[in-house]
Trainee: 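Please find one structure pasted underneath; my questions will follow.
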Amino acid sequence: MSCEEQLRNGGCLASRKGAFGDGHRSLCNSLRQGWEIAGIFLSFIKPFRISQEREPRFSQRRGGQALEQVARKAGESPSPEALRRREGQPILTAGTVLPAFFIIGLIFIPIGIGIFVTSNNIREYEIDYTGTEPFSPCNKCLNVSWDSPCTCTINFTLEHSFESNVFMYYGLSNFYQNHRRYVKSRDDSQLNGDNSSLHNPSKECEPYRTNEDKPIAPCGAIANSMFNDTLELYRIDNDTRTPITLIKKGIAWWTDKNVKFRNPTGDGNNLTALFQGTTKPVNWPKPVYMLDPEPDNNGFINEDFIVWMRTAALPTFRKLYRLIERKNNLQPTLQAGKYSLDIAYNYPVHSFDGRKRMILSTISWMGGKNPFLGIAYITVGSICFFLGVVLLFIHHKYGNRNTSADIPN
Amino acid sequence: MADPIRWARYRWQRLISTEGRECSSNNSSSKCYQSPKTTGKHRIVIPCLGHFKEEYEKVSKLYMNNKIRTTRYTLLNFLPRNLYEQFHRVANLYFLFLVVLNWVPVVEAFQKEITMLPLIGVLTIIAVKDGLEDYSRYKMDKQINNLVTKVYSRKEKKYIDECWKNVSVGDFVRLSRNEIIPADMVLLYSSDPDGICYIETAGLDGETNLKQRQVVRGYSEQVSEIDPEEFSSRIECESPSNDLSRFRGFVEHSNMDRVGLSKENLLLRGCTVRNTEAVVGIVVYAGHETKAMLNNSGPHYKRSKLERKVNTDILWCVLLLLLMCLTGAIGHGIWLSRYSETPFFNIPGPDGKLSPPALAGFYMFWTMIILLQVLIPVSLYVSIEIVKLGQIYLIQNDIDFYHEKTDSTIQCRALNIAEDLGQIQYIFSDKTGTLTENKMVFRRCTIAGQEYCHEENAKRLEAYQEMDSEDEDPADCQCGSSTPTSKCQGHNNRAVCEPLNRKPLNQLSGSYSAFKRQDEAGDIPHSGHMAFSSPIETDVVPDKQLLEKFSQISYQQSEETSSKLSLETMYITDFFLALAICNTVVVSGPNQPRQKMRLSSLSRMPIKSLEEIRQMFQRFSVRRLSSSPLPSVKESSSVSPNSFVRKLSIFRMKLASSNLDGAAQRVSEPQNTDSPEDSQVPGELHLVNVAAGGEPSHAVSSVELSPIPKPCYEAESPDEAALVHAARAYKCVLQSRTPDRVTVDFAGLGSLTFQLLHILPFDSLRKRMSVVVRHPVSNKVIVYTKGADSVMMDLLRTASEVHTNNSEIEEKIKERTQQHLDDYARRGLRTLCIAKKVMSDAEYAEWLNHRFVAETSIDNREDLLLESAMRLETKLTLLGATGIEDRLQEGVPDTIQALRKAGIKIWMLTGDKRETAVNIAYACKLLEPEDRIFTLKSQSRDACALVMSKILEGIQKNASIKEKNSEKLGNVSASPSAQARGFNAGLVIDGRTLEHVLHDSLQNIFLELTEECRAVVCCQATPLQKSVLVKLVRSKLKAMTLAVGDGANDVSMIQVADTGVGISGQEGMQAVMASDFAISQFRHLRKLLLVHGHWCYTRLTNMVLYFFYKNVTYVNLLFWYQFFCGFSGTSMTDYWILILFNLLFTSVPPIIYGVLDKDVSAEILMELPQLYTTSQKSVAYLPSAFWITLLDAFYQSLVCFFVPYFTYCGSDIDIFSFGNPINTSALFIMLFHLLIECKSVTWIHAVVIVGSILFYFVFSLAVGATCKTHNPRSDFYWIMEQHMTDPVFYLVCLLTTCIALLPRYLIRVLQGTLFPSPVLRAKYLVRLSPEEQRKAIKRWKDECNVNDRVELQPTSVPSSSAAGAVLEEETTDSALPASKTPFHSSSCCIAPF
């Protein structure tokens, strides 16, 4: 193998002298093989290296032209190298980063203001109907169990009208839907309409996998503990209760509704038949195929069910319950005035100090009401701006000494 | 495969058969010849031949055969063994534990398979790496095993080709010239009539000179080649040991006669047979039992210091992990106990029962460990491996390490300790071949008090290498030779240089490896690869002035009668004769290198024995006594009674007589000397005086025109070669040498054949060597002596002894020569004095008698021989002196200075004698002329201790005085005087003293002493002592050590040191094989350490810190979430993304960072060695750095978690929608964090970072789009898609990233502006234009000098070397001690900013 070839193959040069020269060369060869593998990792570095490690000389070495190299060494002019070096060497000094701080400040403050204003424009109304307080109308239902319905009505007054579409949420507090084992306790194949999983749910669903030797559909703790209060909203206008139309479709993600959650397939569309051989979750009063009279909102693709199944990240959370659409452009969706909320109180939260709420909210492009983001942006923007000023001062006072040839002591 | 089994069996048998073997030998020889003490330590070697067959089977089969195996794995045991070795790593065990843990249902946090992923990844990558390494070893073994040699075969009754691996103990091996010895053999036959075989041990100990080996006594008399069939002796020798210089045993003939064996009879594996046509030996040790293999302890695995430190920090991480898990466990317990009844989101276990809070908390602890496992950076180990691979790739491809002459570049043999190069504190260097080229070059000489400085020669040397000869040029001009002559030599010089320039190329092409040579036909001429025969050594350009004087000899002879030769010319003549004769150089023909050249006319004379010759001599000299004081050649010839003397008179010459000898004679021998027949008849010898007439010109021209081949010289020491070559340059050519005569071709006067009466070889006690010859012209006995000036000056005859009027002249010569010698010594030249003595025959005969008595005496023979030598070497006449340069390798002084400035202490450990070592230490600036040198040379341990404590006291006193003075001076003036500065201490210690010093009781004081010394030179150190020294410094001083050497004698030291560097090149491969890095030149060490070491270290530390940061940050995100999920161990990120986050999305950028980051450019690092201290003192990776990194990680994780938390708190966000922005901003934070930390950002960084981000998004989108039913959780479905359309997502990510990175960014900015580190300051230099840069660097150095002086005072305790740059003064050209380097080389200047 010629020297050139060896060089080409990874720069492994064998010493040709010494008693073990040939053996050594074989070592070199195998090392080179190792390098070829390493080269896979590193091959992309090569073009970089060419610029960094004085490749011109490297190429000359391939030619093995000693004189040229010497000549080059002698005539090496440093200026282009110095020029190149000046390019890609970031040095963080006050001078170089000054613009960055000002730019961040100038961008963040307007964004923050924008977010803050948007958030402030959102109308939100929240009622806690847990009923822990003795005077609460729902106090009587406090110790309710899963299947003993109890109804209560709470009246409230909206001070401001809700102009755009209103989202109606139910909120739970101190409810750890993000508990590790709770979160796992579901069978997505079953929910996706897989028939084998329907009849033989995943082990993850234990202990809500089977009931009386029948598979539970939907299995698991999440489904079992599904929120089952019913909320109805009435507008009280001169003692007449006008029910407000609550739209129950379109509250789940489209992908959940249409892709992720599917009813089992089989002959015909009769859900009762399709869910044959399964049993309802323990806490449920009705089986899954009787959640809603409408067939496209029944079974696993019931949107209330889908929303519940998307487990909340934090122990205090809200979930979308209903939509109130704006009827026409002349009237606000919800006028200011008196309203009453009828609650079929089924969901027991008192045992773990939970709270239940009903929330009415309009939303903006950035979701619900939350002043934090806006304030944070404004604060950070201001801090950056301030730091920019401080750095400007530092730069003027100390910065110059580093850029000049004068090295400080 | 069978090998290890055989090995094990052999070992076992050896264990159990020590007694048995003894018995068998007792039985067979019926004589117990083993002393009980050494029982079991012997091995018996019997040839596998007829009558021995039975015993051979019994004994020899137990020994290893010659197959070697250095691999660690075989195909079958690779997997289990590699796994076993990998699980020695605690981290791997930890991950194994996690995997197992995850299979326990109660604590299971992830899917079982996912946890295995990282572990499998790590194991696979490392296994592949190990496998490749081992495969290369396997291939090498195979190649060596399959080399072919000639082994005697019983069946075919002749030598047949056999692979090395099939050679076994007891085999007869026949080797030809230039073949490599396959196993350790006892030499039984050599084609050399003297029974001598020359071997080159370069492959073993790096020494290129030839070693003589002697045929076993009793066999040397045999004329014909030994017949293995008739070999009926048994050999008994000691068991295999790794001591190269020891071999004991004996040959027992069938008649019970025993002949002792010594190392002189042993041919060592790996050496090459030189100069000898054929040798036959019997194998005594084979394979792994050979001395060469026993010295090669095989692959040596080292762990870098950084890695050890990383391991301790990982322990901290473990502690942190435990703390976090404990928090989780307790938190979970408390959270559970808050509920009076079970909430329905706390679902019971599969058995339907809920565990009590305490137990649940306990389970949770383990769940947390699985969940937070990433805190122990699994990817770190893989990344470190990959980064090291990359760094080594870059080192290997650095063109600056390419050495053209040897066509070799750096080899990184250890892949895992590159970063140690950045932390070296001590360098232990071999001398010969490491610092020096092992090429002695004749530089200058002084004859009869007149110096000839050989300017042209110096220029020639410069032409070879553009040495920065800062001190040579001006020095050369100072010499006494007249300057006008030098001017007209330009063309002459060039003429010489031209062929020289061509030579390296020839040499390159001609110097194939030894194996290659073997393949070719043996008689192809080899121009290269000969000991001490590179053109730089052999070609000496004569000094013009001297040449002129020298040539007068030939002209003056025309005026035959007027012997008006000046005294000086006679001195010169004798001087060069001495150079040519007074040595043991072997001459070989140029076409047959490594072969002794004998004059064809001299038929091989069977020499019966030394005894005979001696008797012959005696007779001869006794007769001589009766002859006239001025004996004619005829007389001497006629009285010569035998052929031996007969040859003496064969010469043909015309020589101007020497008035020093008092006998001016011109004689000529008209008879042709070419025919031995003629010369066999002594009576026919005539003496014919030839009229000089036109002869001289004819003679001269005949010499010049005749195509006399340039002889090749092979010397035992390079000095001798250099002198002979120097003599040749003056046309005083050593033509041939046989044991009894020397022929010199003298300045065109024809050949002079000197009868060689005695050689008194060099010994370290006398420090000189002598030859006794009979001058062919004057027929007088002349003693030529050369030796160290220290002894020679005392042996000169004093004025009282001289009765001629020359006494005055001689005194003057002596005086002036001494001046010149001192001058040479200052220049670091090796000096030798040349002297001569003319003996009368009576004197000689008297001495000879003594000598004979001495040689034949049995008791204290050595002493008597020494005494007789001393008797001879007295009353000498000083001829002159030579200055030889043991050429330093290119750039060695610079490199040593730079390394010193970098705060590295350099020790020189050499096997050479003290004078040489000290000389070289001066030459390479290891010692400065004004350093005070302490020499430790004690016979006993107590004395040694006493001396050391005295020296130490002295140094410390000096230090305190200096401190005081400098304090005083610091207030008064900035230029302290020499006295004020005190002295720098250098310690020279020799091997015997080293033995005492290394004793336990003295180690501490010795180390204390060495710490005070600027340089330490250990001479006459054995390989073992070298390694013990390195070990001592390494363990006691806890210092990072680097050992650099080139020969096998450095192997142990190289292996013991933290980093072993082997110098490859012309020497053998042993050092290279043992080393971690193999370079071709010492000067490459500078870039290797200062640039690559610095880079590798900084890169790796920064990367390691980054990995800690990354993992802590990421794990903490999960940890904070536990506070919001009841400490239940939920992760808000998909498991796959969680695990792959470290392995895929954030792994490539830090690797690129680790491989390519450059804090300062290579040029600046080379310019300012002081910057090395930043890596040497681990500034980048102090414990504080680790904790600051961790603190920052905590802050960033808090920001990264709580900004999204407050943004989404109370909304309808689901778990993964909440986790996704957190995860995404974590990605951004980590990548941009890396950008802040990067010292050099190139497009490749940009590509990788953008690529990582894109990959993350693509992967998340893909997972979000596809995984809708992936049990157990498919909540990640469509989340990324959803978020990509949500502006809040982007706003959150932007805000989080900004807040998280703001502090670090700000601190870096302030640091860069207000308190730049030396490295940062050096970085500014890069931005300057070249001129400005140069100026700035100079200013920096100057400034540091000032600082040095000022700063030294409060901190002159060596241990006070704190962070900052160690800055030493420039000691280049100023000769004033006042401005010399401060006392402690480790004392430092902390450049205040």
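The chains referred to below are lettered A, B, ... by the order of the sequence lines, with proteins before strands, and numbering in each begins at 1. Predicted model, so just to flag it, every value in this text is computed and none were measured.
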Trainee: I'd like to know if the side chain of A/Arg180 and the backbone of B/Ser1128 have a donor-acceptor N/O pair within less than 3.5 Å.
Mentor: yes

Trainee: Given a strict heavy-atom distance threshold of 4.5 Å, which part of A/Phe372 is in contact with chain B: side chain, backbone, both, or neither?
Mentor: side chain

Trainee: What pair of heavy atoms forms the shortest contact from B/Ser340 to A/Ser351, and how long is it?
Mentor: OG-O, 4.4 Å

Trainee: In Å, rounded to the nearest 0.5 Å, how long is the span from CZ of A/Arg310 to CZ of B/Phe1216?
Mentor: 10.0 Å

Trainee: Between A/Arg181 (side chain only) and B/Asn346 (backbone N and O only), is there a donor and an acceptor less than 3.5 Å apart?
Mentor: no

Trainee: Within a strict 4.5 Å, meaning less than it, do heavy atoms of the B/Tyr1277 and A/Asp256 side chains meet?
Mentor: yes

Trainee: Measure A/Ile383 against the heavy atoms of chain B and call it side chain, backbone, both or neither at under 4.5 Å.
Mentor: side chain

Trainee: Apply side-chain contact (heavy atoms from CB on, under 4.5 Å) to B/Asp1212 and A/Phe317, showing your working.
Mentor: CA-CA 6 Å; B/Asp1212 61 341; A/Phe317 62 90; over 6 Å; no

Trainee: Evaluate the side-chain contact (heavy atoms from CB on, under 4.5 Å) criterion for residues A/Leu391 and B/Leu1310: first the C-alpha distance (whole Å), next the side-chain angles of each, then the deciding distance (0.1 Å), finally the verdict.
Mentor: CA-CA 8 Å; A/Leu391 288 177; B/Leu1310 292 179; 3.9 Å; yes

Trainee: Working to the nearest 0.5 angstrom, can you tell me the gap between A/Leu373 CG and B/Thr1207 OG1?
Mentor: 4.5 Å

Trainee: Measuring from atom CD1 of B/Ile347 to atom CD1 of A/Ile222, what distance do you get when rounded to the nearest 0.5 angstrom?
Mentor: 8.5 Å

Trainee: Would you mind checking which part of B/Ser1211 comes under 4.5 Å of any heavy atom in chain A, side chain (CB onward), backbone (N, CA, C, O), both or neither?
Mentor: backbone

Trainee: Picking from A/Pro371, A/Gly368, A/Pro315, which has the most non-hydrogen pairs under 4.5 angstrom with chain B?
Mentor: A/Pro315

Trainee: Tell me if a side-chain donor or acceptor on A/Thr316 pairs with a main-chain N or O of B/Gly1210 at a distance below 3.5 Å.
Mentor: no

Trainee: Is the side chain of B/Thr1130 donor-acceptor paired with the backbone N or O of A/Asn178 at a distance under 3.5 Å, no angle test?
Mentor: yes

Trainee: For A/Ile359, which atoms come within 4.5 Å of any heavy atom of chain B: side chain, backbone, both, or neither?
Mentor: neither

Trainee: Do the side chains of A/Asn370 and B/Tyr1208 get nearer than 4.5 Å, heavy atoms only?
Mentor: no

Trainee: Do A/Tyr377 and B/Leu1294 have side-chain heavy atoms sitting under 4.5 Å apart?
Mentor: yes

Trainee: Between B/Val1288, B/Leu1295, B/Ile1299, who has the most heavy-atom pairs with chain A when the cutoff is under 4.5 Å?
Mentor: B/Leu1295

Trainee: Tell me, for A/Cys205 versus chain B, whether the close heavy atoms (under 4.5 Å) come from the side chain, the backbone, both or neither.
Mentor: neither

Trainee: Below 4.5 Å from any heavy atom of chain A, which atoms of B/Tyr138 appear? Answer side chain, backbone, both or neither.
Mentor: neither

Trainee: Considering only heavy atoms, which portion of B/Tyr339 lies under 4.5 Å from any heavy atom of chain A: side chain, backbone, both, or neither?
Mentor: side chain

Trainee: Output the distance between atom CG (B/Leu1291) and atom CD1 (A/Ile115), rounded to the nearest 0.5 Å.
Mentor: 4.5 Å

Trainee: Which of the residues B/Val1247, B/Leu1302, B/Val1292, B/Ile1151 is involved in the greatest number of heavy-atom pairs with chain A at under 4.5 angstrom?
Mentor: B/Leu1302

Trainee: In Å and rounded to the nearest 0.5 Å, what is the CD to OG1 distance from B/Glu1281 to A/Thr255?
Mentor: 8.5 Å

Trainee: Go through the steps for A/Phe108 and B/Cys1298 under the test side-chain contact (heavy atoms from CB on, under 4.5 Å), then give the verdict.
Mentor: CA-CA 10 Å; A/Phe108 273 30; B/Cys1298 280; 3.4 Å; yes

Trainee: Select one option (side chain, backbone, both, neither) describing which atoms of B/Ile1236 are under 4.5 Å from chain A's heavy atoms.
Mentor: both

Trainee: Below 4.5 Å from any heavy atom of chain B, which atoms of A/Val259 appear? Answer side chain, backbone, both or neither.
Mentor: both

Trainee: In sequence, state the C-alpha distance, the side-chain angles, and the governing distance for B/Arg338 and A/Asn174, and then conclude on side-chain contact (heavy atoms from CB on, under 4.5 Å).
Mentor: CA-CA 12 Å; B/Arg338 275 216 326 247; A/Asn174 210 7; 4.0 Å; yes

Trainee: For A/Phe261, is it the side chain, the backbone, both or neither that has a heavy atom under 4.5 Å from a heavy atom of chain B?
Mentor: neither

Trainee: Parallel, tilted or perpendicular: which one describes the rings of B/Phe345 and A/Tyr176, with boundaries at 30° and 60°?
Mentor: tilted

Trainee: Strictly distance-based, threshold 3.5 Å: is any side-chain N or O of B/Tyr1205 a donor or acceptor partner for the main-chain N or O of A/Leu314?
Mentor: no

